[in-house]
Amino acid sequence: MNLNQVDLNLLLLLKQLLKEKHVTNTALTLNMSQSSVSRALYKLRKLFSDPLLVKSSNGYALTPKAETIKRDLNTVLTSLEKLIDGNEFFPSSSEKTIRIFGLAPQMDILLPKLVNILRDRAPQMTLDVDTVSKPHFTGLISGAHHFIITNQEPPAADQDLYRQHYLDRDFRLIMSANHPLADAPLDAEKLRNCQFGQVSLQGDKKLSIEPRFKALGITGDNGKIATPVRLNNFSSAASIAANSDIIFHLPTDYALQAAKSHNIVCREVPTNLQHPTKRLYLYWHKRYHQDPMCVWFRSIITEISNLENKYL
């Protein structure tokens with residue numbers, strides 16, 4: 001490939017095209033005409049000697065070469081940005097974008113305070129938040145994300161990640177204010193035959209509190225803890241609990257917030273059923289470890305973390 005043929009604007013368009021896997025969506029996102037994006041795709045196909053996007057049963061799919069390009073392109077563009085900007089970073093005037101990944105309800109805790117600080121100290125910056133469930137560390141390793149917030153551990157083979165403690169989390173039970181146990185003392189024996197809802201962000205079908213029952217040698221009358229409702233996100237949990245006999249075992253901060261707007265009660269988990277506290281961490285890749293913007297952002301997270309942990 002002759003580098004004289006490479007147009008930086010084409011590479012920026014290619015980044016979005018590989019993300020969207022769709023010409024029309026790319027055009028809408030970049031505020032371009034569909035014909036302009038189609039012409040750009042034609043040039044990119046000639047440049048890389050590859051079709052890049054091909055029709056599939058679900059619309060369009062990336063070719064193997066396009067998958068490789070997608071993996072490497074973020075790193076290339078980030079390096080170019082650093083080369084142009086150097087080590088200067090002034091939050092008050094910066095127009096950069098911070099890309100962060102985290103699942104609800106983790107981000108629900110962080111975002112209000114984070115956005116408030118960014119609007120005050122860096123009003124021209126953009127915060128790009130990704131909360132779509134996926135393997136947590138993929139975007140961090142590829143360069144698609146600057147940061148992630150998670151309680152998961154990174155792949156053992158990857159030694160290029162840094163982390164800092166963000167928040168410790170415990171759990172509560174939520175149930176309808178009309179539930180028979182809403183005002184009753186709770187223990188494992190009373191809960192063993194209750195109907196539970198499972199929120200699984202990663203597809204796990206096991207109720208998060210079930211191992212605690214098993215450790216006590218306690219199950220329901222049918223030999224297991226009943227979980228007739230399974231959700232892949234938190235958004236419906238409170239309303240389901242408010243209008244049924246389903247009990248959910250949820251992070252405390254989310255449960256307390258939900259209780260303010262739904263006809264539910266938020267109960268402490270009996271001591272012998274309490275889930276071990278989970279630690280949330282902010283992770284980043286070594287490529288951004290010395291980056292001035294990312295160093296500044298980590299200081300903001302530390303500031304928020306100190307406030308959050310102070311009131312736990």
Side-chain angles (χ1 to χ4, degrees), residues 1-91 93-101 118 122-132 134-135 137-148 158 160 284-294 297:
M1 178 188 296
N2 186 345
L3 289 178
N4 291 330
Q5 297 176 279
V6 180
D7 180 344
L8 180 57
N9 290 322
L10 270 182
L11 294 182
L12 293 171
L13 185 146
L14 175 61
K15 177 183 176 182
Q16 192 65 35
L17 191 59
L18 297 182
K19 178 182 177 180
E20 298 286 351
K21 301 179 186 178
H22 199 286
V23 170
T24 302
N25 291 349
T26 299
L28 289 171
T29 302
L30 297 179
N31 196 26
M32 297 173 63
S33 68
Q34 184 173 336
S35 58
S36 295
V37 176
S38 295
R39 286 195 297 271
L41 177 57
Y42 174 76
K43 292 179 182 178
L44 288 163
R45 283 169 166 165
K46 290 186 64 177
L47 181 64
F48 289 100
S49 301
D50 188 86
L52 300 175
L53 280 177
V54 294
K55 287 186 178 180
S56 71
S57 57
N58 296 318
Y60 285 89
L62 302 186
T63 65
K65 187 168 185 177
E67 291 285 1
T68 300
I69 293 169
K70 181 181 179 182
R71 187 172 61 247
D72 296 337
L73 190 56
N74 280 313
T75 300
V76 171
L77 293 175
T78 298
S79 297
L80 282 172
E81 185 180 65
K82 290 173 68 175
L83 183 65
I84 294 169
D85 291 345
N87 289 320
E88 292 187 344
F89 175 69
F90 303 102
S93 59
S94 176
E95 297 181 0
K96 290 187 174 183
T97 296
I98 297 173
R99 302 183 301 275
I100 184 169
F101 167 81
L118 291 180
Q124 298 180 69
M125 291 187 68
T126 300
L127 182 66
D128 187 337
V129 181
D130 181 0
T131 60
V132 177
K134 60 173 71 70
F137 294 91
T138 302
L140 201 62
I141 293 169
S142 71
H145 301 128
H146 292 106
F147 298 98
I148 67 168
D158 201 300
D160 294 330
W284 62 95
H285 197 275
K286 73 174 184 179
R287 70 171 68 87
Y288 296 121
H289 189 58
Q290 300 296 337
D291 178 77
M293 179 190 74
C294 293
F297 184 81

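Side chains are part of it too, since the values below use all heavy atoms of this structure and drop only hydrogens, waters and symmetry mates.
- Using a distance-only test at 3.5 Å, with no hydrogens or angles considered, a donor-acceptor pair links the side chain of R99 to the main chain of A144.
- Side chains of F101 and L140 form no contact here, defined as non-hydrogen atoms less than 4.5 Å apart.
- Taking CG of L53 as the start and CG of L41 as the end, the distance is 6.0 Å to the nearest 0.5 Å.
- Rounding to the nearest 0.5 Å places OG of S93 at 10.0 Å from CE of M125.
- Residues E67 and P64 fail the side-chain proximity criterion, which asks for heavy atoms closer than 4.5 Å.
- Here the rule is side chain to side chain donor-acceptor pair (under 3.5 Å) with W284, and of H289, H146, H145 only H289 fits it.
- Of the inter-residue distances, the one linking R287 atom CZ with C294 atom SG reads 10.5 Å to the nearest 0.5 angstrom.
- Residue T68 holds its OG1 atom at 12.0 Å from CG of L73, rounded to the nearest 0.5 Å.
- Residues meeting the side-chain contact (heavy atoms from CB on, under 4.5 Å) test with K65, sequence neighbours left out: F48, D50, T63, I69.
- The structure places NZ of K70 at 10.5 Å from CG of L17, a figure rounded to the nearest 0.5 Å.
- Proximity of a side-chain donor or acceptor of D130 to a complementary backbone N or O of V132 within less than 3.5 Å is detected.
- Listed here is the closest heavy atom pair of V23 and S38: CG1-OG, 3.6 Å.
- Sequence neighbours left out, the pairs with a member in residues 12-24 that pass side-chain hydrogen bond (donor to acceptor under 3.5 Å, both in side chains) are K15-N74, Q16-E20, E20-T29, T24-Q34.
- Rounding to the nearest 0.5 angstrom, the gap separating the OG1 atom in T97 from the CE atom in M293 is 8.0 Å.
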